[in-house]
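Worksheet: one structure, shown below.
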Amino acid sequence: MTKLSTLLPAMLLAAGLNAPAFAAEDAPFSIAIHGGAGTITRADLSAEQEAAYQAKLTEALNAGHAILAAGGTSMDAVVAAIQIMEESPLFNSGRGAVYTFDGEHELDASIMDGASLEAGAVAGVKTVKSPIALARAVMEKSVHVMLSGAGAEQFAQEQGLELVDNSYFNTERRFEQLERAREKLGVADKQAYLALDDKYKMGTVGAVALDQHGNLAAATSTGGMTAKRYGRIGDSPIIGAGTWADNASCAVSATGHGEYFIRYHVAADICSRVKYLEQSVVEAGDAVIHDVLLPAGGTGGVIIVDAEGNVHMPFNTEGMYRASRVGNGEINVAIYKD
Ligand code: ASP
């Protein structure tokens with residue numbers, strides 16, 4: 001027998017009313033998050049560091065999961081999960097953002113709503129405490145999709161978002177990474193001409209979710225790549241490259257060598273394969289990460305959730321900080337390949 005909760009939205013719509021904000025009792029929901037991909041081996045992390053990453057990933061996952069389990073929206077869930085990671089110095093986003101070659105921090109973020117295909121993004125912001133909150137404000141409060149630099153910061157101020165001095169993002173660990181990167185790169189004029197290996201660029205954060213109303217959302221927030229040239233913008237704020245969500249296919253957030261993710265349009269390519277080739281998230285994600293990106297030299301990974309709540313988290317690096325939970329099932333937190 002068809003449940004009333006399933007019939008009600010159609011009945012209300014027929015009567016010219018909006019569908020109610022509650023979902024079918026057994027509606028699926030899922031969340032997945034990442035904290036960056038790169039050369040992360042057991043030798044790189046102490047037991048304490050590993051435990052700290054696992055605890056923070058679990059906290060972020062739980063924050064998003066609680067919203068979904070209570071019938072909240074996937075948009076709220078991805079923002080809640082990301083903001084916990086933005087506030088942690090462990091990840092290359094918000095508080096723990098990497099340095100540019102010149103010793104500053106320039107942050108990028110984006111968000112997409114799979115129900116409406118609306119999106120918001122910010123690039124190169126230096127004083128916004130939560131770039132993902134600003135990306136959402138661009139989506140919801142402006143007529144634009146992407147704002148950059150001083151214009152984005154002024155918009156943040158108008159929206160009453162918290163602003164901080166650029167030094168708020170200073171951490172010793174990232175500064176040491178910058179010094180090592182500068183040594184490798186040599187003189188300043190090399191900064192836009194030499195690529196560093198993926199040791200230097202892990203920690204971007206992202207979240208994807210399916211809520212009980214059947215809506216997908218994806219979001220990504222980053223400090224970019226260590227020792228990047230000032231003004232460099234990666235894939236994270238590019239809709240279709242670092243972030244994509246469409247209720248008709250899937251939601252994706254990426255992490256890795258941004259230049260490749262832009263050129264291969266990674267997030268949208270995965271969802272197009274799901275949509276037009278009717279591939280599963282496993283087939284589509286593996287094809288793009290392992291068969292397309294890797295041969296081209298692009299390192300990194302993605303998290304994917306589809307409209308049925310299936311989750312896949314492929315990467316072609318040694319590790320990717322990641323966590324996921326399907327419905328009220330087991331919490332899955334992992335760092336390394338095996
Ligand atoms: N994709 C980010 C960028 O290129 C970096 C990362 O994910 O580690 O800016």
Side-chain angles (χ1 to χ4, degrees), residues 31-65 77-100 105-109 128-133 162 164 166-181 196 198-208 219-228 234 236 242 253-256 258 300-303 313 315 317-325 331-337:
I31 182 163
I33 62 172
H34 71 74
T39 315
I40 318 162
T41 63
R42 287 196 166 77
D44 295 316
L45 292 183
S46 67
E48 295 82 61
Q49 284 172 320
E50 195 178 307
Y53 275 107
Q54 280 171 342
K56 207 33 100 175
L57 287 167
T58 306
E59 185 188 336
L61 187 81
N62 285 347
H65 181 269
V78 293
V79 170
I82 286 195
Q83 283 186 320
I84 285 175
M85 294 187 281
E86 281 183 338
E87 277 172 24
S88 164
L90 291 175
F91 304 99
N92 170 20
S93 75
R95 181 82 182 87
V98 298
Y99 287 81
T100 62
H105 309 275
E106 297 181 356
L107 287 69
D108 304 332
V128 179
K129 191 177 179 197
S130 172
I132 199 62
E162 193 173 347
V164 291
N166 195 248
S167 63
Y168 164 82
F169 305 108
N170 289 353
T171 57
E172 214 179 290
R173 177 170 160 236
R174 297 296 182 199
F175 192 71
E176 280 164 15
Q177 273 177 4
L178 173 65
E179 286 188 317
R180 285 206 305 276
L196 286 162
D198 66 8
K199 252 198 231 53
Y200 296 92
K201 56 180 197 299
M202 57 203 176
T204 291
V205 308
V208 293
T220 312
S221 181
T222 190
M225 283 165 69
T226 299
K228 65 185 180 183
S236 307
S253 168
T255 175
V302 290
I303 49 172
M313 306 190 281
F315 54 96
T317 49
E318 302 258 14
M320 180 166 83
Y321 299 106
R322 60 201 186 277
S324 65
R325 190 167 183 191
I331 297 178
N332 162 28
V333 185
I335 300 176
Y336 314 108
K337 208 184 297 188

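Note that the structure is a prediction, hence the values are computed from the model and not measured. The residues of the chain are indexed from 1 along the displayed sequence.
Between Arg174 and Thr226 the shortest side-chain heavy-atom distance does not fall below 4.5 Å. Counting heavy atoms from C-beta outward, Leu45 and Tyr336 have side chains that approach closer than 4.5 Å.
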* Asked: Would Phe315 and His34 count as a side chain to side chain contact (heavy atoms under 4.5 Å, CB included) if you check the C-alpha gap in whole Å, the side-chain angles of each, and the deciding distance to 0.1 Å?
  -> CA-CA 11 Å; Phe315 54 96; His34 71 74; over 6 Å; no
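Across every non-hydrogen atom of Thr220 and Ala254, the tightest pair is CG2-O, 3.7 Å. Across all their heavy atoms, Gly206 and Met85 have their closest contact at O-CE, 3.9 Å. Of all heavy-atom pairs between Gly223 and Val98, the closest is O-CG2, 3.4 Å. Between Ala32 and Ile303, the closest heavy-atom pair is O-CD1, 3.3 Å. The shortest non-hydrogen separation linking Val208 to Ser253 is CG1-N, 3.6 Å. In terms of heavy atoms, Met313 sits closest to Met320 at O-CE, 3.8 Å.
A donor-acceptor contact closer than 3.5 angstrom is absent between the side chains of Thr41 and Glu318.
Between the NZ atom of Lys228 and the CG atom of Asp108 there is a distance of 5.0 Å, given to the nearest 0.5 Å. Here the CZ atom belonging to Arg325 is positioned 6.5 Å from the CG atom belonging to Asn62, to the nearest 0.5 angstrom. Here the CD atom belonging to Glu59 is positioned 9.0 Å from the CD atom belonging to Glu87, to the nearest 0.5 angstrom.
For Thr222, the side chain to side chain donor-acceptor pair (under 3.5 Å) partners two or more places apart in sequence, or in a different chain, are Thr204. Looking at residues two or more places apart in sequence or on another chain, you find a side chain to side chain contact (heavy atoms under 4.5 Å, CB included) between Lys129 and Glu162, Val164, Tyr168. In this structure Glu50 satisfies the salt bridge (charged side-chain N to carboxylate O under 4.0 Å, His left out) test with no other residue, sequence neighbours excluded. Glu179 is linked by a side chain to side chain contact (heavy atoms under 4.5 Å, CB included) to Phe175, counting only residues two or more places apart in sequence or in another chain. Evaluation of the side chain to side chain contact (heavy atoms under 4.5 Å, CB included) rule for Asn170 yields Tyr99, His105, Ser167 as partners, not counting sequence neighbours. Glu176 meets the side chain to side chain contact (heavy atoms under 4.5 Å, CB included) test with Glu172, Arg180; sequence neighbours excluded. Annotation: side chain to side chain donor-acceptor pair (under 3.5 Å) contacts of Glu106 (sequence neighbours excluded): none. Residues meeting the side chain to side chain donor-acceptor pair (under 3.5 Å) test with Ser221, sequence neighbours left out: Glu86. For Ser324, the side chain to side chain donor-acceptor pair (under 3.5 Å) test picks out Asn332, with sequence neighbours left out.
Counting only residues at least two apart or in different chains, salt bridge (Lys or Arg N to Asp or Glu O under 4.0 Å) contacts with residues 35-44 comprise Arg42-Asp338.
Put simply, the residue from Ile84, Leu61, Val205, Val333 that forms a side chain to side chain contact (heavy atoms under 4.5 Å, CB included) with Lys56 is Ile84. No option in Thr255, Ile40, Leu90 other than Ile40 meets the side chain to side chain contact (heavy atoms under 4.5 Å, CB included) test with Tyr321.
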